[in-house]
Number of protein chains: 2
Amino acid sequence: MSLPELYTRFVLIDRPTTFAGDNVYRKEVLPLSNLKPGPGQALVKTLWLSLDPAMRAWMDDRPNFLPPIQIGETVRSLGVGVVLELGPDCSFKVGDLIMGFIGLRDFGIIDEATTDVIRKESYHSHTEGVVPEDYLGPMGIPGLAAYFGLYDIAHLKAGQTLVVTAAAGATGSMVCQLGKQAGAKVVAIAGTDEKCAWLRDDLGCDVVLNYKSPTFQADFEKDVDRFDIFFDNVAGPVLNYMMTRLRPNSVIVLSGFISQMNKEKPEGLTNYVRMVGMRARMEAFIITDYRERWAEGREVIAKGLADGSLKRRFEVVEGLENVPRVYNRLFSGENKGKL
Amino acid sequence: MSLPELYTRFVLIDRPTTFAGDNVYRKEVLPLSNLKPGPGQALVKTLWLSLDPAMRAWMDDRPNFLPPIQIGETVRSLGVGVVLELGPDCSFKVGDLIMGFIGLRDFGIIDEATTDVIRKESYHSHTEGVVPEDYLGPMGIPGLAAYFGLYDIAHLKAGQTLVVTAAAGATGSMVCQLGKQAGAKVVAIAGTDEKCAWLRDDLGCDVVLNYKSPTFQADFEKDVDRFDIFFDNVAGPVLNYMMTRLRPNSVIVLSGFISQMNKEKPEGLTNYVRMVGMRARMEAFIITDYRERWAEGREVIAKGLADGSLKRRFEVVEGLENVPRVYNRLFSGENKGKL
């Protein structure tokens with residue numbers, strides 16, 4: 001492969017107070033020869049980048065499971081890339097496909113310790129039907145969050161009522177489908193009719209509700225009433241409402257909070273005291289804590305992708321320069337499938 | 001024992017919107033001969049009644065682990081009493097001391113299934129130093145809530161930082177002392193200087209803070225900074241603040257919500273989204289779910305009461321007719337010790 005002389009990256013130049021607009025990114029074009037992998041590192045060429053709500057959280061100067069992105073640093077993002085060059089003591093091979101924190105750049109340096117080699121022998125039996133970009137969706141953080149959130153945090157059992165927000169999203173759609181496979185009554189909540197139709201017709205969710213409908217709460221009470229598990233990717237007013245629909249011992253999996261990320265003034269939860277009388281549990285988790293068990297989740301998910309029982313959608317936007325323009329589709333709900 | 005002809009009870013006549021004032025109770029004097037124990041029931045004479053925040057929650061017409069108190073029913077409350085007469089198939093003995101839902105009355109009918117015989121053989125080794133009213137405090141629901149909340153919900157370990165609200169209360173004071181015994185750094189939060197002095201001087205808490213102090217948050221950040229376990233009996237603004245002081249994997253034990261019970265408009269939690277980045281867990285529990293293991297907790301607590309390593313305070317008000325007048329001391333913080 002002949003390499004270009006320059007690479008492009010986006011660095012953070014300001015912390016957003018609401019949406020991450022053009023003002024927070026600066027595009028830089030730099031000599032590729034600057035990128036020299038150190039010990040345990042590798043130089044990679046980006047194939048796909050994942051745009052995730054978590055990136056917005058990392059732009060805040062606030063403790064998190066990863067440190068905030070510093071001003072002047074490349075904006076952190078996950079991606080799939082191919083290894084071009086190895087630093088000392090890096091066990092990857094040139095040509096390996098990897099999934100890791102490449103960041104918003106077309107060439108990057110990744111750390112072996114936080115990077116995943118994909119298509120190892122252990123996945124070979126499943127890779128028919130699995131494409132590399134699946135490692136940013138069902139086979140990556142979103143799909144694994146669905147799997148470990150449902151089984152390890154919520155202890156999902158057949159016959160339970162499972163409510164899912166951002167149900168058409170990369171995580172939500174896997175939650176819905178894994179929930180159906182486990183014999184749950186799946187209640188999918190999304191924000192557009194197009195997404196609702198996909199959830200109903202293609203994914204087979206039992207109840208599908210548009211939270212923007214004026215009859216949303218009445219519909220919920222009629223068709224669902226109460227839940228055992230709420231897998232919440234959204235937070236905000238829908239979470240607050242759901243706290244009035246708890247069953248005894250119900251679990252709220254706090255997976256994401258996309259509705260609250262760009263608010264200067266967050267919307268308060270007022271119904272959380274209902275959790276006491278219902279001995280409810282609300283729990284967050286970080287999917288990287290489960291790294292040693294990812295293979296277990298991928299085994300299940302890859303099988304579903306290969307036999308067609310698990311479906312996913314991608315929205316692919318070509319060109320690194322389009323990232324600042326399309327990133328906020330995640331928050332407006334315009335994207336159709338994993339961005 | 002010669003019995004009177006009449007007994008007195010307080011029934012619920014209206015649902016409170018804020019504080020349970022005089023308008024929610026009606027005193028009734030009725031023939032004692034009306035009280036006939038049915039199958040599995042017993043007639044008891046009240047010795048002590050426990051005034052608890054939970055009674056206020058049961059006055060609301062809202063799903064809970066126990067059904068709401070119906071209008072016209074005796075106000076539900078726990079008490080210690082002595083068995084006078086047995087219904088069919090009741091395994092208690094006349095003269096047994098019991099702890100159960102007697103309700104606000106001087107004589108009552110209790111159900112064997114939800115009532116606890118106290119001073120059985122299994123407790124005899126510990127009962128020096130234990131008095132019957134302890135079964136409404138450290139040996140009862142409040143103390144057992146402290147024990148199972150700390151060990152089963154929070155998984156307390158030595159060296160952790162444990163924050164406790166309503167720390168001078170019946171539950172909170174046991175949490176502080178069990179926490180110290182387990183080797184935690186105990187941070188006690190209360191609302192009067194008198195309570196703070198007791199927590200510091202008599203119970204030996206490591207840090208004691210009055211949440212009404214104008215420097216409360218600054219003091220917390222200086223003396224504590226962040227916590228592993230927050231045993232919260234209060235909810236509201238202090239809970240919201242504590243959500244900014246989470247350590248990774250921290251646990252919030254949602255034991256009570258005394259600050260929010262009498263609010264028409266609850267104060268919203270706005271910082272809960274911080275739980276996601278800290279993979280935190282917030283969990284409620286119902287102490288009656290642990291009934292089969294109460295003996296385990298009582299063993300530990302009775303030992304501490306007997307050897308003087310666990311201290312408790314009672315505020316005893318004589319006379320059933322005083323209940324409506326003194327009940328709200330629980331919410332104003334005027335009571336000193338278990339009411």
Side-chain angles (χ1 to χ4, degrees), chain A residues 53-54 57-58 60 62-68 145 153 225-226 232-237 239-240 243-261 263 265-290, chain B residues 53-54 57-58 60 62-68 145 153 226 232-237 239-240 243-261 263-290:
Chain A
W58 299 326
D60 288 330
R62 180 178 287 178
N64 202 301
F65 68 102
L66 288 176
I153 306 293
D225 189 26
R226 292 182 177 275
D232 188 21
N233 297 299
V234 172
L239 171 58
N240 196 36
M243 285 179 157
T244 69
R245 315 310 309 162
L246 303 167
R247 280 196 186 138
N249 301 306
S250 47
V251 181
I252 297 171
V253 181
L254 213 53
S255 165
F257 52 100
I258 198 164
S259 77
Q260 300 298 297
M261 281 188 158
K263 301 258 182 209
K265 204 168 154 18
E267 292 155 300
L269 291 186
T270 52
N271 298 321
Y272 67 97
V273 298
R274 307 282 190 100
M275 290 177 65
V276 177
M278 290 299 182
R279 77 264 267 182
R281 170 164 59 96
M282 180 159 84
E283 187 163 354
F285 67 105
I286 304 290
I287 192 61
T288 46
D289 294 346
Y290 291 86
Chain B
W58 299 326
D60 288 329
R62 181 178 285 178
N64 202 301
F65 69 101
L66 289 174
I153 306 293
R226 293 181 176 277
D232 189 20
N233 297 298
V234 172
L239 171 58
N240 197 36
M243 286 180 157
T244 70
R245 315 310 309 163
L246 304 167
R247 279 195 187 139
N249 300 305
S250 47
V251 181
I252 297 171
V253 181
L254 212 54
S255 167
F257 52 101
I258 199 166
S259 77
Q260 300 299 299
M261 281 186 159
K263 302 256 182 211
E264 269 185 293
K265 203 167 151 22
E267 293 156 300
L269 290 185
T270 52
N271 298 320
Y272 67 97
V273 298
R274 307 281 190 101
M275 291 176 65
V276 177
M278 291 297 182
R279 76 272 260 184
R281 169 165 60 97
M282 178 159 86
E283 186 161 355
F285 66 106
I286 305 290
I287 193 59
T288 46
D289 294 346
Y290 291 85

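Note: hydrogens, waters and symmetry copies are ignored here, and every other heavy atom, side chains too, is used. Given the structure is predicted, the values throughout are model-derived calculations rather than measurements. Chain letters run A, B, ... following the sequence lines, proteins first, then strands; residues in each count from 1.
- Heavy atoms of A:R226 lying under 4.5 Å from chain B belong exclusively to its side chain.
- Using a 4.5 Å cut-off between heavy atoms, B:N271 does not touch chain A at all.
- Proximity to chain B is absent for every atom of A:I153, based on heavy atoms less than 4.5 angstrom apart.
- A:N240 does not touch chain B: none of its heavy atoms, backbone or side chain, sits under 4.5 Å away.
- Contacts between B:T244 and chain A at a heavy-atom distance below 4.5 Å are absent for every atom of the residue.
- The closest donor-acceptor contact from the side chain of A:R281 to the backbone of A:V251 lies at 3.5 Å or more, if one exists at all.
- How far CG of B:N233 is from CG of B:L239: 11.5 Å, rounded to the nearest 0.5 Å.
- B:S259 places a side-chain N or O within 3.5 Å of a backbone atom of B:V234 that can act as its donor or acceptor partner.
- Residues passing the side chain to side chain contact (heavy atoms under 4.5 Å, CB included) test with B:Q260 are A:Y272, A:V273, B:A235, B:P237, B:F257, B:K263, B:P266, B:E267, sequence neighbours excluded.
- Taking CD from A:E283 and CG from B:N249, the interatomic distance works out to 9.0 Å, rounded to the nearest 0.5 Å.
- Taking chain B as the reference chain and counting heavy-atom pairs below 4.5 Å, the highest number among A:R62, A:M275, A:M261 is found for A:R62.
- Contacts of B:R274 classified as side-chain hydrogen bond (donor to acceptor under 3.5 Å, both in side chains), with partners at least two apart in sequence or in another chain: none.
- Residue B:L66: no heavy atom, backbone or side chain, is found under 4.5 Å from chain A.
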